[in-house]
Every structure is written in C-alpha cells, then in structure tokens.
Protein chains: 2
Amino acid sequence: MSRPGSDLTLLLLAGFRTLADQGAAELARRGHEDVRPVHDFALHAIHSGADSASELGRRMSVTKQAAAKTIATLEERNYVAREPDPADGRRVRLRVTDHGLAMMQLGQEIFDELRERWEAQVGAESLAALEETLRSLVGDNAIRLDSPGWLARDMDAVSPPAPADRG
Amino acid sequence: MSRPGSDLTLLLLAGFRTLADQGAAELARRGHEDVRPVHDFALHAIHSGADSASELGRRMSVTKQAAAKTIATLEERNYVAREPDPADGRRVRLRVTDHGLAMMQLGQEIFDELRERWEAQVGAESLAALEETLRSLVGDNAIRLDSPGWLARDMDAVSPPAPADRG
DNA sequence: CTTGATGGACAACCAGGTTGTCTACCTAAG
DNA sequence: CTTAGGTAGACAACCTGGTTGTCCATCAAG
C-alpha cells in the first residue's frame, strides 16, 4: 500500500523529530535536563518582548493560564524571573535569567551543529534546496512560532482551536 | 538573529503541521469530526495486524495501557470492534469496522490530494527531491510509525523514554 | 466616579501517557 | 498432572500541558 500523502507527512514529522530529539538529548547531556523545547521556545518569546503571561500566551497561541503554568515551571527552574511592573500594578514583568540566556545560547549552538551534520550528509545544496522548497510551501505558517503544545515534553504538538480566553 | 539549526527544525515542524492540520480539518469537514491523526494511525496499525491492545502498544511504542485507552475511544466511536479471541482466552481481537475502513480510505485520499497540491505549487521534481533528501537524512527513523502522542489531538508529539511496561 | 478592558490567579476538568498492581490464561518444564 | 513463567487485559493513581469558567485588582476613558 503506497500512500504518498501520508508518507510525506510522516517524513516531515520524522525529520522534525530526529532534530528535536537529538537536540533535546544533547541539551540534557550538557546540563539542561529539565528543559523541553517548549521551554527554549517560550524563553525566546519572552526574551524578544513577550514579557508578561498574557502576552506570552498570545504569542504562543495558548491561553494566558497555560502560559502562566509554563512560566511557573520556568521560574521554578530558574530560567526566568518575575518582577512586579513599577508602571502597571496589574502586570508582572518577566525577565530571562543568566541561566536562561545560557540555555538559549547552548540550544542555538546545538541545533546549528545538527544542521551542519545534515549538511555533511547530503550536501549543502540538497539541504538548501529542501529548505527553499519547504519555505515556499509553508509560506506564512513558516516561522509562526505559535506552536502550542507542539514543543512540549520531549516535543509535542497540539493545534487547539485558537483559544479566545474569555476570562 | 539568524539561527539556521532552529529554523530548519521549525520549518520541518511547520511543514508537518500544515499537512496534518489541513488533513484533520478536511477529514472533519467530510464527516469525521471525532478523529485525530492518532486515530487514523492506530487504525492502520490495527488493520495491518496489530489486532490486540498489547501489540498495538508495541507498534506505537506506547504502553499497552495507553493503547487500551485509544482502543476504548476508537470502539466508542465505532471505528473498531472488539471480539473475544476463540483461540486464546486472554486476548480480545480487534477489527476495524466498515466505518473505520471508510475513514482510512478518506484519510488516504485527502493526504494524497494535499501532496498533489504541493506538487502543483513547487513542481514534482522539487518535491521528489525534498522527499529523497529527507528520506536519506532520517534513514531508519523514517517510517518508524511509533509516533507516540505525536499525533494526538489535532496533532501532538511526545517522545517518551521507550516504555518498558513491567506490568 | 463609573464603566470597561486587561493582567493575573485559582479551581475544575480533559486527553493522552506513565507506573504499579492484580487477575486470567496459555505454555513449557518437571 | 502440577507448577512456574510469561503474556493479555483491566484498574487505579498520577503527571503534563492544555482548556473553561470565575473572580479580583488595576488601569484608562468617559
């Protein structure tokens, strides 16, 4: 039974998983056992401006409650610090700690290494072509970093029905 | 901040998600609202021989308990039927119902259509090259259909530590 | 000062997984 | 025939990451 459509889908999943799993494993090996890709992802979002639970939730297409939970574990593990916003009594400002920055840095190095390894395996041209093709296919959805549960655990993914959060 | 490694990873994820989400949506539109890709996946496994909870668990790299839960919902929704095995008093045989077969069929059509749409967008050669490159990169992990939670919900992914199930 | 929107917290609940434990049943070895 | 070991399945407790729903404090605008 040949099923080109499913095969392609699974192939993309396998590719993602291979990279993600290896990345997570390497990250663990280098001292960040308590991190999951969601965490790295959330950290990037926070660092690039999503400095409150609500905002983080928006960026990740997740309810603010879910974002708050993520933040709570991030804070527990010292990747992020929470400080009251002097200018707005409702808000609690988020700040990526040095430990968090180190993890982000490490994560970037690791993934870049993994990509280089792939380049060595199939050649720079093939890989570049793959990226180009994929990029033009996914278009807008490309780097929409709103990967809800998509990066949880060692990696998971959920595409919830665009939470409204009537709260 | 250019991060080639992360970008590639996210690109693969985006590709997978695009296909998976569109597929799930289309499946819902055509009458299978209560299905998630895991279900389609499990159905295939069952249909191709994993006709017991334990075996299904093995195929999906998930505990037999988790498999049993999936089976329970599949049975509830009439995609699968459970019948005692006349030859082995311990086993409960699984059988994909007509409704289940119809869903599998529909799913295949949908995903094939999606692939064709992609082919039309970037050309058959590019897409074939992409598949070829990816296939050679993921190698063994390729069609390892053991995508645990990886397909749950509208799609999620988990890579659990190869459950042993001491039960 | 009231009204409405926003930020955050809390509780209840769900899906999908994992352990751990227990029973029933098959099988092979004495 | 009996017993010991392994396998199938069920049940319960628990975890994670998400979702509602609700409520309060605070800001911003009229």
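Owing to the predicted nature of the structure, the values given are computational and were not obtained by experimental measurement.
With C:dG7, C:dC25, D:dC27 as the choices, the nucleotide that has an atom nearest any side-chain atom of A:Asp88 turns out to be D:dC27. Of the candidates C:dG16, C:dG8, D:dG9, D:dG9 carries the atom nearest the B:Ser52 side chain, counting heavy atoms from C-beta on. Between C:dT18, C:dG8, D:dT19, one nucleotide has an atom nearer to the side chain of A:Arg91 than all others, and that is C:dG8.
OP1 or OP2 of D:dA8 sits under 4.0 Å from a side-chain N or O of B:Arg58. Between A:Thr63 and the phosphate of D:dT20, there is no side-chain N or O to OP1/OP2 separation shorter than 4.0 Å. Note on B:Ser54: a side-chain N or O is less than 4.0 Å away from OP1 or OP2 of D:dG9.
At a threshold of 4.5 Å between non-hydrogen side-chain atoms, the residues B:Ile46 and B:Leu56 count as touching. Looking at B:Arg30 and B:Ile110, their side chains come closer than 4.5 Å, going by heavy atoms from C-beta outward. Using a 4.5 Å heavy-atom threshold, the side chains of B:His39 and B:Leu74 count as touching. The closest side-chain heavy-atom distance from A:Leu19 to B:Leu8 is below 4.5 Å. Proximity of B:Thr73 to B:Lys69: side-chain heavy atoms (C-beta onward) are nowhere separated by under 4.5 Å. With a 4.5 Å cut-off on side-chain heavy atoms, B:Leu11 and A:Leu130 do not count as touching.
Position along DNA chain D of the nearest nucleotide to A:Ala66 versus A:Pro86 favours A:Ala66 as the more 5'-ward residue. Comparing A:Ala68 and B:Ala67 along DNA chain C, the residue whose closest nucleotide (by nearest heavy atom) sits nearer the 5' end is A:Ala68.
The salt bridge (charged side-chain N to carboxylate O under 4.0 Å, His left out) analysis of residues 37-51 of chain B, with sequence neighbours excluded, yields the pairs B:Asp51-B:Arg91, B:Asp51-B:Arg93.
DNA chain D is contacted by A:Lys69, A:Thr70 of residues 69-84 of chain A, taking any non-hydrogen atom closer than 4.0 Å.
As rounded to whole Å, 9 Å separates atom P of D:dG9 from atom CG of B:Asp85. Protein atom CG of B:Leu56 is 18 Å distant from nucleotide atom P of D:dT7, rounded to whole Å. Summarising the geometry, the separation between CZ on A:Phe41 and C1' on D:dG18 is reported as 15 Å, rounded to the nearest angstrom. Rounded to an integer number of Å, the gap from CZ of B:Arg90 to P of D:dA8 is 6 Å. With rounding to whole Å, B:Gln65 atom CD is found 12 Å from C:dT21 atom P. One interatomic measurement links the two molecules: CZ of B:Arg93 to C1' of D:dT7, which rounds to 16 Å at whole-angstrom precision. Following rounding to the nearest Å, B:Asp51 (CG) and D:dT7 (P) show an atom-to-atom distance of 17 Å. Rounded to whole Å, atom C1' of D:dG18 lies 17 Å from atom CZ of A:Arg36.
The distance between the ring centers of B:His32 and B:His99 falls below 6.0 angstrom.
With 3.5 Å as the limit, one finds no donor-acceptor pair spanning the side chains of B:Glu26 and B:Gln22.
One finds a salt bridge joining A:Glu131 and A:Arg115 here, because a Lys/Arg side-chain nitrogen approaches an Asp/Glu carboxylate oxygen to under 4.0 Å.
The overall bend of the helix from C:dC1-D:dG30 to C:dG30-D:dC1, read as the angle between its terminal helix axes built from five base pairs each, is 0° when rounded to 10 degrees.
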